[in-house]
Amino acid sequence: MRYMMAYDLMETMRNTNQWLGASALSVASYPMFASIPNPMLSWMSAWGEVTERSFQRMIAKPDWGIHTVTCADGKDHVVEIDTVVERAFGDLIHFRVSGRAEQPRRVLLVAPMSGHYATLLRSTVKSLIENCEVYITDWHNARDIPVSEGKFDVEDYTLYLADFMRALGPDIHVVAVCQPVPLTLAATAYLAEQDPDAQPNSLTLIGGPVDPDATPTDVTDFGRRVTMGQLEETMIQRVGFKYPGVGRKVYPGLLQLSSFMSMNMDRHSKAFMDQISRVAQGEASDHDAHNRFYDEYLAVMDMTAEFYLSTVERIFKNREIAKNEFVVNGHKVDIGKITDVAVKTVEGANDDISAPGQCIAALDLCTGLDDSKKASHVEPDAGHYGIFAGRSWRNNIRPLVIDFMNANTKHAPKKSKAQSAAQ
């Protein structure tokens, strides 16, 4: 019960801060005060506006905001989001471009489950949707999943990925970003043994911890310092009574967010102070750079306790992927069984989360893959976020990834199982 109380206490603090912000905005904007030339009222109103928006975003799932795309014909086409596979802990969705012929290059984006929603890859999706059929894993917030749906750990995550690949068919190119990189590699190896015909054409692994010890960072050092007992005692809570997942053990998104913020507290504090100043002076807008970034950054989701703990223990502490000792559903996965899927790794030279060396370790594990099907790229001056979004991705990395996909298309395009079933 104390875990539920702890969860509800965090939600109460968030709710209270949102209410304080809304109250300050309402009071300072009261018409009667307009006749009082006091700059403190403007600052109070600005503080309230920024505070209310910030704490409100922490429980809201961001919208994809991808409504149209300009295609080769020079026209804007409407983008519809279709659910291809619907599961308890995550869906497979498709960004369907109306009025455009189906693109031969089909891409499955594997989004991280690390505290943020799949919308974190919005800019990645927008850059690929121009000339690709884009599918993405849309993971659900654990607080909204009833306990009756059971557990969800790294093995379940891997099996989900294998099922998604089966549903789309073999004529796909898989791109995994950050946290799911080692599990996507394991899922591909699992298919290589269990269902070879369902393997994708290519696998692009971007900034993920295949071997966390290859280049230690603050993240890997934390995993070494803290015991599993300490993590379970201090990080795991039970979902409170407000949500459908009441009683489910989770690693709360609000707790994860506090960790994110503490890593660069000075920078975040300055960003919010600057935004309050801009609002007070009438220089801010609803979709300015600050709001675009923090609307996404502050929107966090809970992870199931078993997924969080098994990730730390099996991926970081025991290094089961790095040692090629990962077991899925009682079956020991051998990454060396990947012989027909081209694999490319992408790393950022300034990545302080998954430092260079952690991701490229995947190529050494692919002992059954010919060197002609292996590739790697280290992007100079790019940090973690830059290798899948922003200028580095758009100008340098995306063209390389597209070329890699084009060079490694071995299956003729055909309808997926999901598409055939729909017809």
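Remember, it's a predicted structure, so these values are computed and weren't measured experimentally.
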Worksheet entry | Heavy-atom closest pair, residues V300 and L254 | CG2-N, 3.9 Å
Practice prompt. Please determine, by modelled atom types, if T70 and D76 share a side-chain donor-acceptor pair under 3.5 angstrom.
Written response: yes
Worksheet item: Are H173 and F404 an aromatic pair by the rule of ring centers under 6.0 Å?
Response: no
Worksheet, complete the sentence: Heavy-atom closest pair (R100 atom, C132 atom, distance to 0.1 Å) is NH2-O, 3.2 Å
Practice prompt. May I ask you to check whether Q199 and T188 show a side-chain donor-acceptor distance below 3.5 Å?
Written response: no
Practice prompt. For this output row, return yes or no: ring centroids of H94 and Y135 closer than 6.0 angstrom.
Written response: yes
Practice prompt. Could you verify whether a donor N or O on one side chain and an acceptor N or O on the other, from N324 and D334, lie under 3.5 Å apart?
Written response: yes
Fill in: Heavy-atom side-chain contact between K61 and D138 under 4.5 Å
yes
Worksheet item: Of all heavy-atom pairs between H140 and G90, which one has the smallest distance, and what is that distance?
Response: ND1-N, 3.7 Å
Worksheet entry | Min side-chain heavy-atom separation S376-L363 under 4.5 Å | yes
Fill in: Donor-acceptor side-chain pairing of E155 and N329 below 3.5 angstrom
no
Practice prompt. Please identify each residue that fulfils side-chain hydrogen bond (donor to acceptor under 3.5 Å, both in side chains) with R87, with sequence neighbours left out.
Written response: D163
Worksheet item: Using 4.0 Å as the upper bound for N to carboxylate O, is an ion pair formed by D153 and K151?
Response: yes
Practice prompt. Could you check Y117 against N141 for side-chain hydrogen bond (donor to acceptor under 3.5 Å, both in side chains), going step by step and ending with a plain yes or no?
Written response: CA-CA 8 Å; Y117 291 94; N141 195 328; 3.0 Å; yes
Discussion item. Under a plain distance cut-off of 3.5 Å, with no hydrogens placed, do Y7 and D302 share a side-chain donor-acceptor pair?
Written reply: yes
Worksheet item: Counting only heavy atoms not in K337, do more than 12 sit closer than 6.0 Å to its NZ atom?
Response: no
Worksheet item: With a cut-off of under 6.0 Å to the ring centre and 45° to the axis, is R14 in cation-pi contact with F55?
Response: no
Discussion item. Around atom NZ of K332, are there more than 12 heavy atoms from other residues, nucleotides or ligands closer than 6.0 Å?
Written reply: yes
Discussion item. On a heavy-atom basis, which atom in P399 and which in W393 lie closest, and how many Å separate them?
Written reply: CD-O, 4.1 Å
Worksheet item: Can you tell me if NZ on K374 sees more than 12 non-hydrogen neighbours from other groups inside 6.0 Å?
Response: yes
Item to complete: Scan for side-chain hydrogen bond (donor to acceptor under 3.5 Å, both in side chains) pairs involving residues 266-277, sequence neighbours excluded, and state none if there are none.
Response: H268-Y294, H268-Y297, K270-D274, Q275-R278, Q275-D288, S277-Q281
Discussion item. Please identify which of these residues, T204, L205, V174, meets the side chain to side chain contact (heavy atoms under 4.5 Å, CB included) condition with V343.
Written reply: L205
Practice prompt. Tell me, with the steps shown, if N396 and E379 meet side-chain hydrogen bond (donor to acceptor under 3.5 Å, both in side chains).
Written response: CA-CA 8 Å; N396 301 328; E379 181 67 15; 2.6 Å; yes
Discussion item. Using the rule ring-ring contact (aromatic ring centres under 6.0 Å, His included), only one of W139, F164, Y308 pairs with Y157; which is it?
Written reply: W139
Discussion item. Please determine whether side chain to side chain contact (heavy atoms under 4.5 Å, CB included) holds for the pair R143 and K242, giving the CA-CA distance in whole Å, both sets of side-chain angles, and the decisive distance to 0.1 Å.
Written reply: CA-CA 9 Å; R143 75 181 181 207; K242 181 180 177 180; over 6 Å; no
Discussion item. Could you check, using the six-membered ring where one of them is a Trp, whether Y160 and F152 have ring centers closer than 6.0 angstrom?
Written reply: yes
